[in-house]
Student: 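This structure is in C-alpha cells; I'll ask about it shortly.
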Amino acid sequence: MSQQKIKRHVGKYEVGRTIGEGTFAKVKFARNSETGEPVALKILDKDKVLKHKMAEQIKREIATMKLIRHPNVVRLYEVIGSKTKIFIVLEFVTGGELFDKIVNHGRMREDEARSFFQQLINAVDYCHSRGVYHRDLKPENLLLDAYDNLKVSDFGLSALSQQVREDGLLHTTCGTPNYAAPEVLNDRGYDGATADLWSCGVILFVLLAGYLPFDDSNLMNLYKKISVAEFTCPPWLSFSAMKLITRILDPNPMTRITIPEILQDEWFKKDYKPPVFEEKDDTNLDDVEAVFKDSEEHHVTEKREEQPTTMNAFELISMSKGLNLGNLFDAEQGPWRFIFPYMHFIDKQRITRFERK
Ligand code: 3AM
C-alpha cells in the first residue's frame with residue numbers, strides 16, 4: 001500500500017511530529033539524516049528574537065550553552081537560521097518530565113528526591129558559574145533520560161521572556177508564579193542566581209510533599225503567600241529536609257542560602273557524588289554568530305518533499321483518527337486519566353499551574 005507522505009527538512013534534519021509547545025517556542029522531534037541521531041528542534045520566530053532588547057544576551061547565552069556538556073543539562077548541538085525562523089537543535093530526552101513521576105506515583109521518598117535535587121543543584125551551579133541563569137525553572141524544564149538522569153532544559157533561553165532595564169537587573173512580567181521568587185514577582189529587579197535557587201526550593205518541596213508550597217486560586221493571595229514565604233511543611237518531612245527548604249524559601253534574596261552553603265548542608269550531602277564529565281572547548285560557535293547576524297548567505301532552506309512511502313499495518317492504524325492510540329495520551333490529561341478514570345491521582349494542574357500561557 002502506498003500513500004503520499006510529506007517530509008520536511010531543515011538543513012540535514014528531517015522534521016517529525018510536534019512534541020509540545022513551550023512558553024516561547026514550538027518543540028518538534030527531528031532526526032539527523034546523516035547520523036540517524038534523534039534530536040529535539042526548538043523553533044523560534046526570528047523576528048521576535050532579533051528585535052528583542054536582549055538579543056545580545058540571548059546570543060551570548062546560547063553560545064555558552066553550546067560549550068556546556070554537563071550530564072544534567074540538555075545538550076545544545078547547534079543553531080540554524082532560515083529566513084524567518086531560528087532552530088535550536090537539542091539533545092532529545094526520552095524519559096518525559098520529572099513531575100510526571102509525582103503525578104503518577106505521588107510524592108517521593110527522601111532518598112529519591114535528594115538524588116534529583118542534587119542533580120538539579122549541580123546543573124544550576126555549573127551554568128551559573130558560566131554566567132548563564134535559567135530564570136524560569138519549572139516542571140516542564142525538568143526532563144529525564146532513559147536512565148532516569150535529570151536533564152534541565154531551556155538554560156540560556158528564558159532570557160527571551162525577560163527584560164533588562166537601566167538598573168541592569170532583570171524584570172519579568174510573565175513566568176510561572178508558583179515557582180517564581182518573591183523578588184521576581186514584585187518586579188523591582190532581581191538577581192538570576194538567587195531567583196533560580198528559590199525555584200529549586202519550590203521544586204524540592206513538591207518532590208517531597210507531592211503538592212505546591214504556595215498555591216491559591218486567587219492570584220493576589222498567591223503573590224501575598226509567596227512574598228512572605230507562607231508555607232507549611234508536611235508532617236512526614238525529616239527535620240533536616242525541613243530546615244534546608246526553609247533556608248532556600250527565604251523571601252529575602254540577600255539572606256537566602258547560597259549554592260556553596262547548600263553543598264555543605266547535612267541533608268544535601270548524604271550519598272552525594274559530584275558529577276564526572278569532560279569539558280571541551282573546541283566547539284565552533286560560527287553557527288550562533290551567523291544566526292544572529294541575520295545575513296542571507298547563512299540561511300538554510302526549509303524543504304518539503306512529497307514522497308510515496310510504503311506503509312505497514314501499524315502505520316496505517318496510527319494514521320486513522322478513530323484508531324489513533326496517540327489520542328489516548330492526551331497532553332493535558334495524561335494517559336492515567338484513560339486507564340484509571342476514577343482514581344484520584346494528584347492533579348498535574350496542581351503542580352504545574354500557570355506554566356502555560
Ligand atoms: O508539552 P509537554 O509538557 O508534554 O517536555 C517538553 C514539553 O513537553 C518537551 O517539549 C514540550 C514543550 O517544552 N521537550 C522540550 N525539550 C525537549 C527535549 N530536549 C523535550 N522533549 C524531549 N527532548
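Order of listing sets the numbers, starting from 1, for every ligand and every atom in it. Please read all numbers here as calculations on a predicted model, not as lab measurements. Computation of the quantities below employed the complete heavy-atom set of this structure, encompassing side-chain atoms and omitting hydrogens, waters and symmetry-equivalent molecules.
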Student: Below 4.0 angstrom, N of the basic side chain to O of the carboxylate: do E78 and K12 qualify?
Tutor: yes
Student: Under a 4.0 Å threshold between the charged nitrogen and the carboxylate oxygen, would K225 count as salt-bridged to D215?
Tutor: no
Student: Is the shortest distance from a Lys or Arg side-chain nitrogen in D196 or R135 to a carboxylate oxygen in the other one below 4.0 Å?
Tutor: no
Student: Can you tell which of R75, E140, E97 gets a heavy atom nearest to atom 4 (O) of ligand 1?
Tutor: E97
Student: Taking 4.0 angstrom as the limit, do D265 and R247 come out as a salt bridge?
Tutor: no
Student: Please work out which of L143, V93, D100, D154 has its closest non-hydrogen atom nearest to atom 17 (C) of ligand 1.
Tutor: L143
Student: Using a strict threshold of under 4.0 Å (side-chain N to carboxylate O), is an ion pair present between K7 and E14?
Tutor: yes
Student: Check each atom of ligand 1 against the heavy atoms of A40 and keep those under 4.0 Å away; list them by number with element.
Tutor: 18 (C), 19 (N), 23 (N)
Student: Just which atoms of ligand 1 are under 4.0 Å from any heavy atom in F92?
Tutor: 22 (C), 23 (N)
Student: Evaluate E91 for polar contact with ligand 1, using N/O atom pairs at a separation under 3.5 Å.
Tutor: yes
